[in-house]
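Notes for the one structure printed next.
Quick caveat, the model's predicted, so the values are computed rather than measured.
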Amino acid sequence: MSLRKRFYLAFSGFVLFPLIVLGWMSYEVSSKILKDQISQHMLDTQDAINLNINSIMGEVNLFTDYVITSESVQYYLNKREWQFTSERVLMERSITRLLFSYPFTYDFLLINEEREPLYFISPPKVSYKQMIDKSYFQEIKSRKGAPYWIGPLKNQELVGKEQSLFTVGRSVLHPNTLEPIGFLFVHIRPDVLSNTNQIAKNSDSEWLILNEEGSIIYSTGNELINEDLSIYTERISSKQTGSTMFKRADGKEFLLTYSPTFSGWTLVSVKSWESVNAQIVPIRIFTIILVIVLLFLFTIFHRTFSQKLITFFTILKGKMAQTTKENLQVEMPDFKEPEFQTLSNGFNDMVEKLKVMIKLVEEEQKQKQQAEFKVLQHQINPHFLYNTLESVNALSSLNKTREVEKMVTNLGKLLRISLKGPYDITFREELRHVTSYLEIQKIRHDYQFNYESRIDGQVEDLLVLKLILQPLVENSIEHGIHHDTFSMIKIAAQRKNDQLIIDVKDNGPGFSIESLENLRRKDVQNNQGHGVLNVHERLRMYYGKKSGLMICSSTIGTSIRIHIPISLKGDE
């Protein structure tokens, strides 16, 4: 067999066939990358939609915050008897104007056990006595003033079957006793989410919201309106978020992405698979053309620059192998051929750009970590401030000047340290801060508990990260104040070698096994343990892995120990 024939046989076996296979693999990989990009784009769009939904619903929550604390609603519910009918009518009109000041309010229901329900358009389908046995009513009552959303299908007893509305329910609490004096239901029109639809239109997709049972309670299209999507609700409940394919009964396929959204519901984005395939066709055509062109060019280059090409790629392969081992101190040599020199320069430029990009990424991560730390450092519980001011107001009305003065003084000290100053302060200042917080809470809770501190004198001047004790004692008070066993909080601090050891103990009911497991997995829900986890994250971020919290809890109390390496931060 002649050398030419052997060459063409070898070329067919070792070049032509592998190149075709490579083209097919490139097409498959490119198609997969494009599909993944589309899925990721849908997820990004879904995140934007989710953020918009949470913003809108949060706006409604703030509006209802204002309503349930308004003077007119409080006066109306606390009033036992009306001297004049006109006074009652004027008050009801005032409440109605207040609730309809929000543009998306459809109707409302203000109700308690002692008076007829107040509404504007239609009365409720159930009486107050029937309502108190409903699960949604019990949930609203248990939240003690916090909002609870009821979607369409579940609120038909309140708005009627012919209406598709979102309902937010809240307990109206007495400002002094914090006991419920009535209940407010505000029915919100679904077009409150209309501005969100434009986000989905930009990505050529539809979106819908599922309730806890997987029923569609809001949709921007009709493609899947009658389909069973409860499986995605189950995935969300098991902490799964992602994308998948869905095939309708008529054979039409859709790309779905799903994620949790407001009030325990599920947000699902829908995109027709036909539109996805339409974007893959250019890749297929491009891949075929690319294979043909590469075959032609490879044949020419093989005949003209066979040996030089092999030499060049041998060098290039060696340099690239070095870069894969995180060695970026490599450089391609110069070549006489302009084609090779261009590739050589491109490789060198790529290596230089990689160096710059790695440096930029490291700097960006450092800035991101600092930003996250600042957010955690300055996190303030708005409910605590609100409740404290309400307590000051209540004490002022009772002419308890000494308690008012004491609470205001301690609140000023608390805010002075919380909102200003460096990251770390002396342990003496941190103890003064938490003492101010405890004094406020003692007055607020009518001296139901006491506290004491045992501090080793040699640790008072050590610098520690500020605001690490207040969240821990706050957790003890929140979970123990309603239990008879809770009466004492103890704070102790000592130095052991190169470690500052701080213990916070209480005799409350302790953490449940489930709560401890959630803390271990950093999976806190409904703000249970959020402050404790916040402190742990800040300590790890500021001092490193040798710091953190250790929790020991039982039914007779809880002990939380803080470890801080003195040799790294805060030594005298």
*Flag, side chain of Asn410 to backbone of Lys406, donor-acceptor distance under 3.5 Å*: yes
*Residues Tyr258 and Gln46: side-chain donor-acceptor under 3.5 angstrom*: no
*Any chance you could measure Tyr451, atom OH, to Lys490, atom NZ, to the nearest 0.5 Å?*
15.0 Å
*Carboxylate-amine/guanidinium contact Lys154 Glu212, below 4.0 Å*: yes
*asked:* Parallel, tilted or perpendicular: which one describes the rings of Trp265 and Trp149, with boundaries at 30° and 60°?
replied: perpendicular
_Arg115 to Tyr76, cation-pi by 6.0 Å centre distance and 45° axis angle_ = yes
*Return yes if some donor-acceptor pair links the side-chain N/O of Asn507 with the main-chain N/O of Met488 below 3.5 Å, else return no.*
yes
*Answer yes or no: is there an ion pair linking Arg170 with Asp65, defined by an N-O contact shorter than 4.0 Å?*
yes
*Any chance you could measure Leu98, atom CG, to Phe63, atom CZ, to the nearest 0.5 Å?*
5.5 Å
*Rounded to the nearest 0.5 Å, how far does NE2 of His479 lie from CD of Glu474?*
10.0 Å
*Asn52 side-chain N/O to Ser55 backbone N/O, donor-acceptor pair under 3.5 Å*: no
_Determine whether the aromatic ring centres of residues Phe486 and Phe449 are separated by less than 6.0 angstrom._
yes
*Counting distance only, does the side-chain N/O of Thr105 pair as donor-acceptor with the main-chain N or O of Ser101 below 3.5 Å?*
no
*asked:* For Glu439 and Ser436, which I'm curious about, is there any donor-acceptor pair between the side chains at under 3.5 Å?
replied: no
_Phe183 and Tyr128 aromatic ring geometry - parallel, tilted or perpendicular at 30°/60° bounds_ = tilted
